[in-house]
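Step one of this worksheet: look at the structure below.
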2 protein chains.
Amino acid sequence: MYTFTEENYLKAIHFLSQGSEKGATTNAIAERLETKAASVSDMLKKLSDKDLLIYKKYQGVKLTAKGKEIAIKTVRKHRLWEVFLVDKLGFGWEEVHEVAEQLEHIQSVKLTDRLDSYLGNPKYDPHGDPIPDDAGNFPKRTETTLEECEINSEVIIRGVKDTSPEFLRYLEKLGIGLGAKLMVEEKEEFDGSMRVKINSTSDTSLSAAVCTNLFVKQL
Amino acid sequence: MYTFTEENYLKAIHFLSQGSEKGATTNAIAERLETKAASVSDMLKKLSDKDLLIYKKYQGVKLTAKGKEIAIKTVRKHRLWEVFLVDKLGFGWEEVHEVAEQLEHIQSVKLTDRLDSYLGNPKYDPHGDPIPDDAGNFPKRTETTLEECEINSEVIIRGVKDTSPEFLRYLEKLGIGLGAKLMVEEKEEFDGSMRVKINSTSDTSLSAAVCTNLFVKQL
DNA sequence: TTTAATATTTAGGTTTGCCTAAAAAATAAT
DNA sequence: ATTATTTTTTAGGCAAACCTAAATATTAAA
Ligand SMILES: [Mn+2]
Ligand SMILES: [Mn+2]
Ligand SMILES: [Mn+2]
Ligand SMILES: [Mn+2]
């Protein structure tokens, strides 16, 4: 029905529109898809002709209902496959994104739905991102990052904002995964770093770059 | 590494070269891939430039070692995914081919190998076709078809030559699946049809079209 | 407000994979 | 051995998705 490229564009635009009212800009889309702005302009025209998004020159773009639906279905598939790779095939959470980028384009509603129930209808993917159900509904994240937490607060890791293999491997090395318990012991004004106790054992300093990319739930 | 199209061409040529010494012809490839002969000529030139096959104008084509390797790896993925869909997700054997045609192009050696062991290193796919191991080795079929069997011989269904949904659904209706036991009771010279007893119960007449498409093992 | 910087679009071109129509080669029939 | 038929290739073109370079809009700075 839709090409890989179209689905990737819609997914990128959906992501970039989260929160912001103005929609996604050409440059932002180009950067996210690792392509050039000129190519994006081309594609926006085509997607607009297919009524998947609203495009007025020099303004940003916003997805139509149809465009949004396709984007969310693709996200659903992506995250379900990530769960499959981790839960069933024993992949690490830093290895799954690349493969899921391919698997998310497989077209078979039956496959997606069967996979969903085979996995036990998971609500979150290995990075803590919510998985849309077959109707496209899924919860908005409670966007608290570790950075925002006060001294002496205890938190549970619920997700990662940056899902790059580099970041995930570093977290692995620190012993920080989904569900890990963190105790904020000190906040350094100078560089935004935080001293935390991980799972009641090791004591570590986390840079601001790390703290801003960890979603947590206050205990 | 290789495009979907390239993999599909190599797979088709590999299939068409089974048995025949002369390699695959342009028209045969076009028919199998549901494309036009002119397009095939185009592509053969490109694949030849990439040393994936040997192409001399107006002669047929034969895969090089490299081309054969890619073809077999694609077949391996295709058949493993078919097993996954049937064994784990409960698909019918007539539904899996179409989806496997997409999944076979996912590029991740780790995924393929993990899937293989997750499935218990199956030797045959849901249609009885042998699955290449990770080195590309797999047994040649013992190509006995039901048609060749004598009266009073007892056989076990081991595979299907035609894997179209139409044929598979018809077999399903007849109660014939992999492992079914057939007893040849009569052979009709006139139209090549055979009267058989299926699993020691029902008595049915199978047309020649059915008999030539069933691989069996003599008991 | 005029100028400078940045963002976006247009123009023109490439590659991949496909098509139809026409030419050429190979094979079959007379 | 010609002639007819079939198979295959070539020629010319098209759509998707990308590119660079140049033009135009928008936004920020002076
Ligand atoms: Mn991912
Ligand atoms: Mn994820
Ligand atoms: Mn198949
Ligand atoms: Mn099969």
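Letters go in sequence order (proteins before strands), and every chain restarts at 1.
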A:Lys45 near the nucleic acid: base, sugar-phosphate alone, or nothing, with a heavy-atom cut-off under 4.0 Å? sugar-phosphate
Phosphate-side-chain proximity, B:Ser39 and C:dC19, N/O vs OP1/OP2 below 4.0 Å: yes
Side-chain N or O of A:Thr35 versus OP1/OP2 of D:dC19: is the shortest distance under 4.0 Å? yes
Side chain of B:Asn27 only, heavy atoms from C-beta on: which candidate in D:dC18, C:dT8, D:dT8 is closest? D:dT8
If the cut-off is 4.0 Å, is B:Tyr9 near the phosphate of C:dC18, judged by side-chain N/O to OP1 or OP2? yes
Nearest-Å distance, CD1 (B:Ile29) to P (C:dC18)? 12 Å
Below the 4.0 Å mark, does D:dA16 have OP1 or OP2 next to a side-chain nitrogen or oxygen of A:Lys46? no
Provide, to the nearest angstrom, the distance between the CG atom belonging to B:Leu44 and the C1' atom belonging to C:dG17. 13 Å
Please name the pair of heavy atoms, one in B:Leu33 and one in B:Asn8, separated by the smallest distance, quoted to 0.1 Å. CD2-O, 3.8 Å
Heavy-atom donor-acceptor pair, B:Thr35 side chain to B:Glu31 backbone, under 3.5 Å: no
Atom-to-atom span, CG of A:Leu47 to P of D:dC18 - whole angstrom: 11 Å
Main-chain N/O of A:Phe4 paired with A:Glu7 side-chain donor or acceptor, under 3.5 Å: no
Rounded to the nearest 0.5 Å, how far apart are CG of A:Leu52 and NZ of A:Lys46? 13.0 Å
What nucleic acid atoms does A:Phe4 come within less than 4.0 Å of, heavy atoms only: base, sugar-phosphate, or nothing? nothing
May I ask you to verify if any side-chain N or O of B:Ser41 is less than 4.0 angstrom from the OP1 or OP2 atom of D:dT10? no
Does B:Tyr118 have A:Lys88 sitting over its ring (NZ/CZ under 6.0 Å from centre, angle to axis within 45°)? no
In whole Å, what is the span from the NZ atom of B:Lys22 to the C1' atom of D:dT7? 11 Å
Could you tell me whether A:Thr5 contacts a base, only the sugar-phosphate backbone, or nothing, with contacts defined as non-hydrogen atoms closer than 4.0 Å? sugar-phosphate
Taking only the side-chain heavy atoms of A:Thr3 (C-beta and beyond), determine which of D:dA17, D:dA21, D:dT9 contains the nearest atom. D:dA17
Measure from CD on A:Gln59 to C1' on D:dA25 and round the result to the nearest Å. 11 Å
Closest to side chain of A:Asp42, choosing from D:dC18, C:dT9, D:dT20: D:dC18
Whole angstrom value for the distance that separates C1' of D:dA16 from CG of A:Asn8: 14 Å
Taking the nucleotide of DNA chain D with the nearest heavy atom to each, does A:Met43 or A:Tyr58 sit closer to the 5' end? A:Met43
Give the rounded distance in Å between these two atoms: CE of B:Met1 and C1' of C:dT16. 17 Å
Nearest-angstrom distance from the residue atom NZ of B:Lys36 to C1' of C:dA22: 15 Å
B:Lys57 side-chain N/O to D:dT10 phosphate OP1/OP2 under 4.0 Å: yes
Close side-chain approach of A:Phe215 and A:Leu178, heavy atoms under 4.5 Å: no
Does D:dT9 have OP1 or OP2 under 4.0 Å away from a side-chain N or O of B:Thr26? yes
